[in-house]
Protein chains: 2
Amino acid sequence: MKTDDRLDSPIAAVCREKGMKLTGQRRTIAHVLSESDDHPDVEELYRRAVAVDPRISIATVYRTVRLFEENGILRRRDFGGGRARYETTDHGDHFHLIDVDTGTVMEFDDEDLKALLAGIGARMGYEVATTRLELYGRRLKKKSRQAI
Amino acid sequence: MKTDDRLDSPIAAVCREKGMKLTGQRRTIAHVLSESDDHPDVEELYRRAVAVDPRISIATVYRTVRLFEENGILRRRDFGGGRARYETTDHGDHFHLIDVDTGTVMEFDDEDLKALLAGIGARMGYEVATTRLELYGRRLKKKSRQAI
DNA sequence: TTATTTGCAAACTCTTTGCGCTCGA
DNA sequence: TCGAGCGCAAAGAGTTTGCAAATAA
């Protein structure tokens with residue numbers, strides 16, 4: 001495929017650094033990912049990629065997403081619903097809060113929480129390697145919302 | 001199917017209370033579940049059920065497991081690996097710690113943790129309905145294990 | 001040039017479902 | 001008796017893969 005320099009992106013740069021062959025499809029997917037700050041599934045990534053360049057198949061999206069995950073560029077998430085969702089790793093470790101009414105996914109982080117989890121693990125004789133934590137909730141009415 | 005009173009179990013009793021038709025297959029699956037204190041997937045439940053009574057199909061296990069979940073007898077869990085796993089609801093709300101080397105699933109509970117999570121949700125404007133929390137870890141050497 | 005990657009379609013895994021027969025109440 | 005439930009096999013949904021053609025380096 002012909003190189004399209006307009007599709008250069010931070011993630012494409014990482015691919016180059018890691019020595020991956022930078023095909024047109026990978027460049028396109030890297031571009032789409034760099035522009036996304038949500039948690040798309042493969043189908044959605046495919047839709048966005050095709051909008052940029054129709055010469056791409058969903059099999060390639062699956063393959064690329066796995067490649068990027070293996071290279072630490074993407075993190076796979078599972079919020080239920082039977083499909084994997086992906087987020088870039090460039091904004092660190094965090095947890096998720098999912099609005100059960102709208103499906104909106106929000107990110108949060110909390111040092112006390114991390115410390116507490118590590119402590120619980122240690123007390124049980126384990127070093128915690130990874131944590132999967134998702135809160136599923138409903139928007140509070142303003143009145144009952146706690147002050148920050 | 002002929003009734004086999006040896007298969008009576010606490011879960012079968014709950015089925016009766018809830019007015020479900022207590023078929024031989026359901027009785028067998030209820031029995032198997034009452035004897036299990038781990039987190040089997042459908043395949044494993046099927047294996048255990050067939051060992052008790054071979055006249056059972058995996059479709060029935062799927063159907064029964066869903067029925068039991070809808071009736072609050074079972075809770076569906078997803079620890080990755082693409083298959084749902086089930087636990088009885090009779091031992092309350094809790095979290096899981098999974099040994100990444102052996103696959104062993106352990107349960108734990110922590111009031112401070114629950115409070116912290118509820119607080120985080122509230123601060124973000126949400127009432128937390130359900131929480132999914134799994135710690136994946138590696139056994140610590142005795143020496144570095146923290147005192148309880 | 002040539003080892004990799006891609007597109008396509010078939011295959012795979014887990015789960016659900018349509019249908020005619022069976023069985024519990 | 002008779003409607004709910006069962007077994008079977010086929011269908012779905014998401015994901016992976018074998019193979020020949022295309023392509024980046």
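Note on naming: letters A, B, ... go to the chains in the order of the sequence lines (proteins, then strands), and numbering restarts at 1 for each one.
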Could you run down nucleotides 9-15 of chain D 5' to 3' and tag each one B, S or - for protein heavy-atom contact under 4.0 Å? -----SB
Salt bridge flag under 4.0 Å for residues [X] and [Y]:
{"X": "A:Asp38", "Y": "A:Arg48", "result": "yes"}
{"X": "B:Asp41", "Y": "B:Arg77", "result": "no"}
{"X": "B:Glu44", "Y": "B:Arg47", "result": "yes"}
{"X": "B:Arg132", "Y": "B:Asp93", "result": "no"}

To the nearest 0.5 Å, what is the distance between CG on B:Asn71 and CD1 on B:Ile11? 12.0 Å
Separation of [X] atom [atom1] from [N] atom [atom2], in whole Å?
{"X": "A:Arg63", "N": "D:dT16", "atom1": "CZ", "atom2": "P", "value": "11 Å"}
{"X": "A:Leu22", "N": "C:dT6", "atom1": "CG", "atom2": "C1'", "value": "15 Å"}
{"X": "B:Arg55", "N": "D:dC8", "atom1": "CZ", "atom2": "P", "value": "12 Å"}
{"X": "B:Arg27", "N": "D:dG5", "atom1": "CZ", "atom2": "P", "value": "15 Å"}
{"X": "A:Ile56", "N": "C:dT6", "atom1": "CD1", "atom2": "P", "value": "8 Å"}

So, A:Thr102 side chain and A:Thr104 main chain: donor-acceptor pair closer than 3.5 Å or not? yes
Detail all sub-3.5 Å separations between protein N/O atoms and N/O atoms belonging to nucleotides 3-5 of chain C.
from: C:dT4; atom 1: O4'; to: A:Lys21; atom 2: NZ; distance (Å): 3.2
from: C:dT5; atom 1: OP1; to: A:Arg26; atom 2: NH1; distance (Å): 3.0
from: C:dT5; atom 1: OP1; to: A:Arg26; atom 2: NH2; distance (Å): 3.2
from: C:dT5; atom 1: O5'; to: A:Arg26; atom 2: NH2; distance (Å): 3.3

With a 6.0 Å cut-off (strictly less than), is the heavy-atom count around CD of A:Glu127, excluding the residue itself, greater than 12? no
Parallel, tilted or perpendicular: ring planes of B:His94 versus B:His39, cut at 30 and 60 degrees: perpendicular
So, is A:Arg66 close to the D:dT17 phosphate, meaning a side-chain N or O under 4.0 Å from OP1 or OP2? yes
